[in-house]
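I have placed the structure first, in the form of structure tokens, so that the comments after it can refer back to it.
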Protein chains: 2
Amino acid sequence: MGKKRRQFGLRYGSEAIAASTELERFPNTGLFLEGRLRHDLSQEEKVELESLVSRVEILPDGHRLISRGDICDHSTMLIDGFMLRTLDSGDRRYGVSFHVPGDFVDLHCFALKRLDHNIECVGQAKVGLVPHERIAEVMKEKPHLARLFWFSTLLDAAMHREWIMKLEQLKVPQRIAHIFAEVWCRLDMVGLAFEDGFDTPLTQADLADMCGATPIHVNRAIGELRKSGIADFNRGEVRICNREKLESFADFEKDYLYGDGALSLRQDGL
Amino acid sequence: MGKKRRQFGLRYGSEAIAASTELERFPNTGLFLEGRLRHDLSQEEKVELESLVSRVEILPDGHRLISRGDICDHSTMLIDGFMLRTLDSGDRRYGVSFHVPGDFVDLHCFALKRLDHNIECVGQAKVGLVPHERIAEVMKEKPHLARLFWFSTLLDAAMHREWIMKLEQLKVPQRIAHIFAEVWCRLDMVGLAFEDGFDTPLTQADLADMCGATPIHVNRAIGELRKSGIADFNRGEVRICNREKLESFADFEKDYLYGDGALSLRQDGL
DNA sequence: ATGGCATTATAACATATGATTGGTCCCGTG
DNA sequence: CACGGGACCAATCATATGTTATAATGCCAT
């Protein structure tokens, strides 16, 4: 799952190092809220969090964690790998968002009970399972941790909103660029990006599902990115030629990720 | 704010009546989760909820409740009127979602602290203000109500996801139809829809912002809906000629609203 | 009532994207 | 090694949408 080219850590260098020691101490949940509000977790809460994971599993490529309408009694922490949230309509699949390690991918199914969408692996994934009774305990007894859980699901909503805006604003080539920029940034936040891009099991067809285009047109768009020296894509190897160019082309402003941008809560905490 | 044509209540008739008596008893929060999980609130919780509202205000058309980046210390219950969540980019405004009475429009800013988007009135609105200290109390002392609060913010995310999918899937005429269908349905859930449509302060330009199109094209699209006998729009009066036609044209499936569809929690509660 | 302004309407042309088709490259399997 | 399938690439034509321009309508303040 992603042979590393180089360690990135341009901007989040210190956190990347922090994250790696966190991962030793908390192998399953060490990346949760990393680059966001992890610093707002007390040592005690980190221990509590890690203890919530009752079982770790390896899931194969394409595995469906949850299908729309399923009732579930546990939630899932993504430890390693990539996942996609999808919706089916007509005979086609649409991607609504994706996940990187550290994401509590279906925490919301605790309060939603039945999910409105599917969650599936892209490539092999390692996950940690958290029984809902344990989350209910947290709700009762650890209001601060509960609030951070809430926060983490609201992060999804903020990312949804940004994507809605981008879908309304951008043509397909720029949408692709935006996806590249966001994945790169989010991987970077958890210390998994390379200096010149990232590796992903996503195919051009997946990208098409994610931005509501045809694979043919996605291919055109990628060709365009390549020709204009912005980024290259080849069998999951995404190489960013020029970060500024990419981000300005895609009109990517990372604030909405609640990392270190204008909306960050790093100073304040929750 | 919306002279009523007729009472709708085709499907939610009983709830509409229930809602009106709820509104007598709980004039500010009586529509919260109406048509969704309101029945899961105990009488005690309803009283608690109503008591959270510290002040009621009337806001003028176009008023900005919150701007992106603002820090806020209270959240807002929409009692009467319509609101839009928007994002600005370039020199244009994009709508990401809208709100109807009963929506706790910015509950999420409790856990997000700074919002990533703006919230503004479309037409005059009546709102109830809830201090964040009170919400923190709820988090500490009323886990079930806290969970319902969480649920209500997750509802937003579910609606975001559906809209993402629709943006990826639908052309502009169908997007407009989908907006009509959703607004109609949501108004109906709180007893505010007419049998043959609804009134709204939205203009064609607003609709354009909401579906990422130009006002000119929105106008074309509305002309198309009119010509094919699906719906009519004139200065905020939306008349639905044929519900089935509208919903099948827009591919509208109301499950994602967590009302009485396949994903409903009405039997189970939370 | 009258002028101004927001809202809605229509037309002609340019561009982005979809649909269809076919081709190439790479990798795992027999 | 031959083969097949998945991923990627490319050209053509049809359609949806943007752009620009212009105008009709209804509302409101003076």
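Hydrogens, waters and symmetry mates are skipped; everything else that's a heavy atom, side chains included, is used. The chains referred to below are lettered A, B, ... by the order of the sequence lines, with proteins before strands, and numbering in each begins at 1.
When the side chain to side chain contact (heavy atoms under 4.5 Å, CB included) test is applied to A/Thr214, the partners found at least two apart in sequence or on another chain are A/Ile216, A/His217. Residues passing the side-chain hydrogen bond (donor to acceptor under 3.5 Å, both in side chains) test with B/His108, sequence neighbours excluded: B/His117. A/Asp251 is linked by a side-chain hydrogen bond (donor to acceptor under 3.5 Å, both in side chains) to A/Gln169, B/Ser89, counting only residues two or more places apart in sequence or in another chain. For A/Glu253, there are no salt bridge (Lys or Arg N to Asp or Glu O under 4.0 Å) partners two or more places apart in sequence or in a different chain. Listed by chain and residue number, nothing satisfies the salt bridge (Lys or Arg N to Asp or Glu O under 4.0 Å) test with A/Asp106 (two or more places apart in sequence, or in another chain). Partners of B/Arg175 according to the side-chain hydrogen bond (donor to acceptor under 3.5 Å, both in side chains) rule, which considers only residues two or more places apart in sequence or in another chain, do not exist here. Residues forming a side-chain hydrogen bond (donor to acceptor under 3.5 Å, both in side chains) with B/Asn242 (at least two apart in sequence, or on another chain): none. Qualifying side chain to side chain contact (heavy atoms under 4.5 Å, CB included) partners for A/His99, counting only residues two or more places apart in sequence or in other chains: A/Leu78, A/Met83, A/Arg85, A/Ser97, A/Asp103, A/Val105, A/Asp156, A/Arg186.
Each end of the helix from C/dA1-D/dT30 to C/dG30-D/dC1 gets its own axis from five base pairs, and the two axes differ in direction by 40°, given to 10 degrees.
Of all the heavy atoms in A/Leu59 and A/Cys121, the pair that sits closest is CB-SG, 3.7 Å.
Nucleotide C/dT8 holds its P atom 20 Å from the NZ atom of B/Lys227, rounded to whole Å. Computed from coordinates, the A/Glu224 CD to D/dC9 C1' distance equals 15 Å when rounded to whole Å.
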Nucleotide N/O to protein N/O under 3.5 Å, stretch nucleotides 5-8 of chain D:
residue	atom	partner	partner atom	Å
D/dC8	OP1	A/Arg235	N	3.4
D/dC8	OP2	A/Gln204	N	2.8

Could you list the protein-to-nucleotides 14-19 of chain D atom pairs, N/O on both sides, closer than 3.5 Å?
residue	atom	partner	partner atom	Å
D/dT17	OP1	B/Val172	N	2.9
D/dT17	OP2	B/His217	NE2	3.1
D/dT17	O5'	B/His217	NE2	3.2
D/dG18	OP2	B/Thr214	N	3.4
D/dG18	OP2	B/Thr214	OG1	3.2
D/dG18	N7	B/Arg220	NH2	2.8

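Applying the salt bridge (Lys or Arg N to Asp or Glu O under 4.0 Å) definition to pairs two or more places apart or across chains, those involving residues 203-226 of chain A are A/Arg92-A/Asp209, A/Arg93-A/Asp206, A/Arg93-A/Asp209, A/Arg226-A/Asp232.
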